[in-house]
Amino acid sequence: MSQTAEPQARTRIERYDAASIEPRWQARWDELGLYRTDLHDDSRPKFYLLTMYPYPSGDLHIGHWYIKTPTDAIARYHRMHGENVFLPIGFDAFGLPAENAAIRNNINPRDWTMANIENMRRQLRSMGATFDWEAEVVTCEPDYYRWNQWFFLKFLEAGLAYRATSAVDWCPNDGTLAREQVEGADRHCWRCGAKVEKRDLPQWYLRVTNYADELLDFTGLDWPEPIKTQQTNWIGRSEGAELVFTTAPDDHQPGGHELRVFTTRPDTLFGATFMVLAPEHPLVSTLAAPERRAEVEAYVTKARAETEIERLSTDREKTGVPLGADAINPINGERIPIWIADYVLAGYGTGAIMAVPAHDERDFSFAKRFGLPIRRVVAPLGTIADDAVDDAYVAHAAGETLVNSGPYDGLPADIAGQQIVAELAKDGRARTTVTYRLRDWLISRQRYWGTPIPVIYCEECGIVPVPDEDLPVRLPDNVDYRGSGENPLARDEAFLNVKCPRCEGPARRETDTMDTFVDSSWYWYRYLSPEKSGGPVDAGLVRRWTPVDQYTGGAEHAVMHLLYAREFTKMMRDVGVIEQDEPFKRLFNQGQILGADGERMSKSRGNVEDPDELVKRFGADTIRLFLMFMGPWDQGGPWSPSGIGGVHRFLNRVWGVTLDPHRVEPGDPDAGRLPAGEDSASAAAAIRMAAHRTLRDVTADYEDFHFNTMVAKLMELTNVLVRYRGSAVAGTLEWDEAVRLLLLMLAPAAPHISEELWSRLLAGRGERWGSIHTETWPAVDASAIVEATREVPVQVNGKLRDRLVVPAGIDPAELERLVLASPRVQAHLAGHAPDRVIQAGGGRLVNVVVTD
RNA sequence: GCCGGAGUGGCGGAAGGGCAGACGCGGCCGACUUAAAAUCGGCUGCCCGCAAGGGCGUGUGAGUUCGAAUCUCACCUUCGGCACCA
């Protein structure tokens, strides 16, 4: 720090220089262990603040700062309220990018990951954030992933994990994917964007569909509505009925097979003019007539190859072929033809539908395409039953009744539906049922850099779980991971060949690893006891500290991480590890910082903003405040540094008014003088009022995460101080109080500069140093913000015409008299008598209503 | 197509039934300086007007209200999510 001695009597203060301040305080905080949380301290209320742990891609970008620095401000704010705050951090360290980088650069994925983590630790520290590094979790460490394996085996034992062979989504880079990890109509991989295809593979699943109904219940969760809506839609609960059709006898088969369909519209049963099975439906080959067999098989083969790739949109023209067999409608015995078509999905409902073209758009376009009959059975009020159907009538409207439906004609649709199901239910041909879109979670991945799934395949014993004492199944370090597109573990003989734990015979290890979303589904429980070796979590600490009080992170995880986390918590509960039903009590989704081009930041686009550079130029405090000031936190937006100078200037002014209150600015003719009409006493009261009003508003803004207005209000208060700087009130008790409040309010958001100025104030008064971050959040003095007079806007017919300054406690009748006496009001009344005079908000505003 | 969010100055945004545009950026003018930078002060929604003042203004159109950026309905634009879920 350069301290140039000057000849003047008063030593000139040095300029605000973040670079010389910030590292010093970061080191000091670290040294004092200010942010190590004593999890066993229950003398204070606990506050578990969690922010989504980063993937160690190598560099922190400005988006990480955007989520993490306001989260840190929340932590600091809560600490100033006497809460025992736990803000841990860790790394989501398994995953594809490490493996790809390893293949590209011929290095070990572990070395690549660990080097990145080291760099990101440094970058995270440069934020000045109060992470408790002692609790750090790195998921690629055996200490962590062995518990993934432990959980898996618990789930296996409880029937919550199972292996099944079916057509799964396959990404050429990532291997198999869970359903929610395939995006878009063109079916691409959520991570790498590659087109996904179907493969028949035996894979491991977690039975999350067990929790479908429970997951729909958000009671007690303070989550953003859009996330709850997205999850609700994803789970896709649908109430309806299962109806049993039977196959009709014909020349080549005796019939009598049951064909179950799921429908939400049992009321339209009389309108079923054909049936459609998914191409994968198990009865397809049984039912296909000999003369149709070739065509059917060709269609099935084509559907299999095309299914997920070519079904581009709902607009695609429907395809299908008839099986050459009929089904019998249970309600009226009618024979209707059975078709197969790929618009019926094997994985939803029963994989078969009754087609009611008059009342379903998809069935309608299929019927049109293949010339199948269309029969109206629900008629809106005023429709003639036998009018031609030009469009599927799907809506529900008051007054609609059934037609062409035998004994049910004339009944309202909903009543008729219930009666039809009840009638068929008598002999077991119908039941009400509920169907979900949610599928079980496919967790197998054919990649190296993940948690090995701890099972062994024995020729004699079949699937054998790895015994607990053999955990963890370690990822071998030196494998040939360079790629033939096959899992490197499958080529590692030492890993692959094991003895069966049961019969000691030759056996083979599972080579699939777990979806990395398994790692991120319970890491916040591990933060509470990262070193624990006897089990995955410390039950006592989990009971005390979870659910997490506040979780912050992006909304892009709505139906992935944020849903898996809820599912995993429920599974952990059901195997007796924890008692909690839900992981996160309150969730906040910050917006996303886009590149300057408005696109998502990515290295390949070259629009990534490097915070290290900005830290060097402006300091962490400026960046923290600028990101908070940009706009509402949940909004995000394209990165534009154009306003950053303004925020930096603000901190300069805070620096100036704090350290040099008597300075008189040369450029301002009024500098150093009190404003006209004010004396020292009124100026001091005005400063005090401004400070306490700001405190009231800023407190509310911190509570609501309205950081942009919080910063604006601190700027306003600072501007008030700048206006009085060098005048008679500078340095008075009221001035000092305002400065003290300003620094305390600024402390959570800009922790370094406020700490520096705080220490200088203490030193200036000869007091012992104590960190500003261990101070208590100040209380508003209500008496400081009451005014003697106030300004009342006056409207005539809703338009602002005047403002009156009146005594604060003015009587309403007196206020009305003053308002009507106003020359401007008189002018706009133009001689008419007012019809009404409305005093809004207890006289905060007056509106004079007149008709002319 | 369905579900959800958002439309306010040149720009980021504030106000969420009661003074539209807080705060900041940018711009213009000025002070300080030999000069520039930095810093400081003033002005800055649009239109008419020398001014006083007036008119118009929160995506569009209707409505509710004494009063609407804010509530209701319809539409337009835009950003997310879903992808034939029977």
Side-chain angles (χ1 to χ4, degrees), chain A residues 15 180 182-187 224-230 232-234 236 238 240 261-265 268 276 311-316 318 341-345 347-350 352-356 359-363 365-366 435-437 555-556 558-559 591-592 598 626 629-632 634-635 637-638 640-647 649-650 652-653 656 663-671 706 708-716 719 722 725 791-800 802-803 824 827 834-841 844-851:
Chain A
R15 296 175 52 81
E180 49 279 357
V182 182
E183 295 179 339
D186 62 344
R187 313 272 73 202
E225 286 303 325
I227 298 286
K228 292 197 277 188
T229 308
Q230 258 190 76
T232 301
N233 292 344
W234 186 260
S238 188
V261 302
F262 173 74
T263 179
T264 54
R265 296 291 305 276
T268 62
V276 187
R311 291 173 176 179
L312 281 177
S313 76
T314 45
D315 302 336
R316 192 184 86 140
K318 300 243 177 317
D342 64 7
Y343 82 92
V344 174
L345 306 176
Y348 182 80
T350 60
I353 62 158
M354 64 179 205
V356 184
H359 304 292
D360 182 279
E361 282 165 14
R362 296 149 302 183
D363 298 344
S365 61
F366 193 82
T435 303
Y436 303 89
R437 300 179 56 178
E556 67 274 16
V559 296
Q592 206 169 41
F626 176 62
F629 185 56
M630 271 178 54
D634 57 4
Q635 193 173 292
S640 159
S642 64
I644 200 164
V647 172
R649 278 193 284 280
F650 159 62
N652 272 318
R653 288 201 298 276
R663 178 179 166 84
V664 177
E665 285 299 334
D668 176 7
D670 293 326
H706 292 166
N708 55 331
T709 52
M710 179 272 288
V711 175
K713 282 159 193 160
L714 293 182
M715 287 173 167
E716 280 184 87
N719 291 344
V722 166
R725 193 181 184 190
E791 196 180 68
V792 179
V794 179
Q795 300 177 329
V796 176
N797 287 339
K799 291 199 173 191
L800 182 72
D802 200 2
R803 295 162 201 272
R824 294 185 157 191
D835 296 324
R836 290 171 69 185
V837 178
I838 291 155
Q839 297 195 16
R844 260 193 317 128
L845 172 145
V846 178
N847 188 14
V848 181
V849 184
V850 63
T851 47

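Each chain gets a letter, A, B and so on, in the order the sequences are listed, and its residues count up from 1. It should be emphasised that the depicted structure is a prediction, and the values quoted were computed from it without experimental measurement.
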Suppose you measure atom [atom1] in [N] against the same atom in [M]; what distance do you get, rounded to whole Å?
N      : M      : atom1 : result
U70(B) : G63(B) : P     : 14 Å
A22(B) : A31(B) : C1'   : 27 Å
C11(B) : C46(B) : P     : 12 Å
G59(B) : G41(B) : C1'   : 38 Å
G5(B)  : G9(B)  : P     : 22 Å
C71(B) : U64(B) : C1'   : 8 Å
A14(B) : G7(B)  : C1'   : 16 Å
A83(B) : A15(B) : P     : 36 Å

Who pairs with E556(A) by salt bridge (Lys or Arg N to Asp or Glu O under 4.0 Å), at least two apart in sequence or on another chain?
none
Excluding sequence neighbours, so at least two apart, what forms salt bridge (Lys or Arg N to Asp or Glu O under 4.0 Å) with R437(A)?
none
Donor-acceptor contact below 3.5 Å, side chain D363(A) vs main chain V356(A)
yes
What distance do [X] atom [atom1] and [Y] atom [atom2] have between them, rounded to the nearest 0.5 Å?
X       : Y       : atom1 : atom2 : answer
T350(A) : L345(A) : OG1   : CG    : 11.5 Å
R836(A) : N797(A) : CZ    : CG    : 11.5 Å
I838(A) : Q795(A) : CD1   : CD    : 9.5 Å
F262(A) : I353(A) : CZ    : CD1   : 12.5 Å
K799(A) : N847(A) : NZ    : CG    : 12.0 Å

Would you classify R824(A) as touching base, sugar-phosphate or nothing, given that sugar-phosphate means primed atoms plus P, OP1 and OP2, and contacts are heavy atoms under 4.0 Å?
sugar-phosphate
Would you mind calling G9(B) syn or anti? Take O4'-C1'-N9-C4 for purines or O4'-C1'-N1-C2 for pyrimidines, and syn is within 90° of 0.
syn
Whole-Å distance separating the [atom1] atom of [X] from the [atom2] atom of [N]:
X       : N      : atom1 : atom2 : result
R265(A) : A86(B) : CZ    : P     : 12 Å
F626(A) : G13(B) : CZ    : C1'   : 12 Å
Q795(A) : C66(B) : CD    : C1'   : 9 Å

Reading nucleotides 22-27 of chain B from 5' to 3' and marking B where a protein heavy atom lies under 4.0 Å of the base, S where only the sugar-phosphate is that close, and - otherwise, the string is BBSSS-
Given that Y436(A) and E361(A) both sit by RNA chain B, which one's nearest nucleotide is further toward the 5' end?
E361(A)
Pick the closest RNA chain B nucleotide for V849(A) and for G236(A) by heavy atoms, then say which residue is nearer the 5' end.
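Here V849(A) is the residue nearer the 5' end.
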Please determine whether a side-chain nitrogen or oxygen atom of Y348(A) lies at a distance below 4.0 Å from atom OP1 or OP2 of A86(B).
yes
Phosphate contact (C66(B) OP1 or OP2) by R836(A) side-chain N/O below 4.0 Å
yes
Polar atoms only, N or O, under 3.5 Å: list the protein pairs with nucleotides 3-11 of chain B and their distances.
unit_1: C3(B); atom_1: O2'; unit_2: N233(A); atom_2: ND2; d: 3.1

Go through the steps to decide whether T263(A) and M354(A) satisfy the test side-chain contact (heavy atoms from CB on, under 4.5 Å), and finish with yes or no.
CA-CA 8 Å; T263(A) 179; M354(A) 64 179 205; 3.8 Å; yes
List for me each residue that meets ring-ring contact (aromatic ring centres under 6.0 Å, His included) alongside F626(A), sequence neighbours excluded, and say none if there are none.
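If we apply the ring-ring contact (aromatic ring centres under 6.0 Å, His included) test to F626(A), skipping adjacent residues, the hits are W639(A).
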Which nucleotide, in any strand shown, forms a Watson-Crick or G-U wobble pair with C75(B), with both distances under 3.5 Å?
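With both distances under 3.5 Å, C75(B) matches G59(B).
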Can Q839(A) and V792(A) be said to form a side-chain contact (heavy atoms from CB on, under 4.5 Å), step by step?
CA-CA 10 Å; Q839(A) 297 195 16; V792(A) 179; over 6 Å; no
So, are E716(A) and K713(A) salt-bridged, with charged N and O less than 4.0 Å apart?
no
Mind listing the N/O atom pairs, protein and nucleotides 44-48 of chain B, below 3.5 Å?
none

So, is the end of the K318(A) side chain (NZ or CZ) under 6.0 Å from the ring centre of F366(A) and within 45° of the ring's axis?
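Here K318(A) fails the 6.0 Å and 45° test against F366(A).
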